[in-house]
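One structure is given here, and the rest of the page talks about it.
Note that this is a predicted model, so its numbers are computed, not measured. Side chains included, hydrogens not; waters and symmetry mates left out as well; all remaining heavy atoms used.
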Amino acid sequence: MALSKSANGRAYRSIFAPDLFAGKVVVVTGGGSGIGRCIAHELASLGAGVALVGRTPEKLAKVASEILADGGLASPHPCDIRDDEAVASAVADVLRRHGRIDGLVNNAGGQYRSDIRDMKTKGWRAVVDNNLTGGFIFSREVFRQSMEASGGAIVNIIADIWGGWPGWAHSGAARAGMLSFTESAACEWGASGVRVNAVAPGWVETAALDAYDEQLKARIRTWKTKVPLQRFATEAEISSAVVYLLSPGAAFITGSVVRVDGGVPNARPWWELETPARGERFDGFHRSSPPKMLGDKPVDAE
């Protein structure tokens, strides 16, 4: 496994070859927390210069300092991905600092739980802007300012949207739109040497779960029983899929989506799920911060 040179004695344990992204630059939106933070750490551990994008400067600075302490290279670029001018400026700033952009991970987003009948139009628009419009704007600007001339790879983070997303219809619709955008961009931008793919995480052990109310947290704790693999994903398991799609090994993959969901869409009401007799779980992220709502144990622990 690849190991970054860590000043604090710890290192990301990636399954990919050391220096896989040496000399490359990858932008990660939503890089200040959760899955984006993990992706940024893994890419940096493999030699990439990572440009961290997000709305909260303090979060970006903290992750950048973590990566620097581990021997990697990262720079913070505070930006509202929904703002055309702000995004154009941020992309230009990345190019000034790093000289190139080889990859883009559109990870920024977010949502809140609401039934459709109670959903406000303002809330709908905010979630769609966060999870769809922002990814479009950032992809377009990276293409215009860099990838149209030099090629590259884009990975869009969507979600387990198959069959709808009751309770989160605004986010489900936005992420379904991002999947269609992924497929369209893969066709339009292929001639420029740009690959565009998506990763669809299922339920993931991330600190974002702590933001929900206690009633919903209690429900979330039962969800693993609906997963054929009977557990949630780690952030590192999502990151591995993203890193692969950015890598040269995926050079003939574009317009595709990789599900990382433990098989949830394949569960059927007539089939009783059982606890697997064997199986592995991967968590190579040395700075992982599990959600407090799960206690000190991972979500698959008894």
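- In this pair, Trp189 and Phe181 present their aromatic rings perpendicular. The plane angle is above 60°, beyond the 30 to 60° band.
- Remark: Arg125 CZ is loosely packed, at most 12 non-hydrogen atoms of other residues, nucleotides or ligands lying under 6.0 Å away.
- A heavy-atom distance below 4.5 Å is found between the side chains of Val204 and Glu235.
- Heavy-atom contacts from other residues, nucleotides or ligands closer than 6.0 Å to CG of Leu216 number more than 12.
- Annotation: side chain of Val105 is in contact with side chain of Ile157 (closest heavy-atom distance under 4.5 Å).
- Not a single donor-acceptor pair under 3.5 Å links the side chain of Arg231 to the backbone N or O of Pro228.
- Looking at heavy atoms from C-beta onward, Asn197 lies out of side-chain contact with Asn156 at the 4.5 angstrom threshold.
- When all heavy atoms of Ala241 and Val260 are compared, the closest pair comes out as CB-CG2, 3.8 Å.
- Think of Leu273 as one node in a network of Ile, Leu, Val, Met, Phe, Trp and Tyr side chains linked at under 4.5 Å; its network also takes in Trp270, Trp271.
- The stretch residues 157-179 participates, sequence neighbours left out, in no salt bridge (Lys or Arg N to Asp or Glu O under 4.0 Å) pair at all.
- Residues satisfying the salt bridge (charged side-chain N to carboxylate O under 4.0 Å, His left out) criterion with Asp84, sequence neighbours excluded, are Arg140.
- Salt bridge Glu205/Arg281: present, at least one basic N to carboxylate O contact under 4.0 Å.
- Between the side chain of Asn131 and the main chain of Ser171, no donor-acceptor pair closer than 3.5 Å is present.
- Taking a cutoff of 4.0 Å between a charged side-chain nitrogen and a carboxylate oxygen, Arg117 and Asp115 do not qualify as a salt bridge.
- Between Tyr12 and His286, the ring-plane angle classifies as perpendicular under the 30° and 60° cut-offs.
- Contact annotation: the side chain of Phe136 never approaches that of Glu141 to less than 4.5 Å [non-hydrogen atoms, C-beta and beyond].
- Leu132 and Trp124 fall within a single hydrophobic cluster, where Ile, Leu, Val, Met, Phe, Trp and Tyr side chains are chained together by heavy-atom contacts under 4.5 Å.
- In terms of modelled atom types and a separation under 3.5 Å, the side chain of Ser239 and the main chain of Ala236 share no donor-acceptor contact.
- When every heavy atom of Gly72 is checked against every heavy atom of Leu68, the shortest pair comes out as O-CD2, 3.3 Å.
- At a threshold of 4.0 Å, the pair Asp93-Arg97 counts as salt-bridged, since one of the basic side-chain nitrogens sits closer than that to a carboxylate oxygen.
- For Arg144 and Glu148, the salt-bridge test fails: no basic side-chain N is under 4.0 Å from an acidic carboxylate O.
- The number of heavy atoms from other shown groups lying within 6.0 Å of NZ (Lys62) does not exceed 12.
- Between Asp283 and Arg13 there is no salt bridge, since no side-chain nitrogen of the basic residue lies less than 4.0 Å from a carboxylate oxygen of the acidic one.
- Side chain of Ser146 to backbone of Val142: no donor-acceptor contact under 3.5 angstrom is found.
- Using cut-offs of 30° and 60° for the angle between ring planes, the Tyr112 and His170 rings count as perpendicular.
- Val155 places none of its side-chain heavy atoms less than 4.5 Å from the side chain of Leu104.
- Put simply, the side chain of Asp261 never gets that close to the backbone of Pro201: no donor and acceptor are under 3.5 Å apart.
- A donor-acceptor pair is defined here as one N or O able to donate and one able to accept, closer than 3.5 Å; no such pair exists between the side chain of Ser192 and the backbone of Val194.
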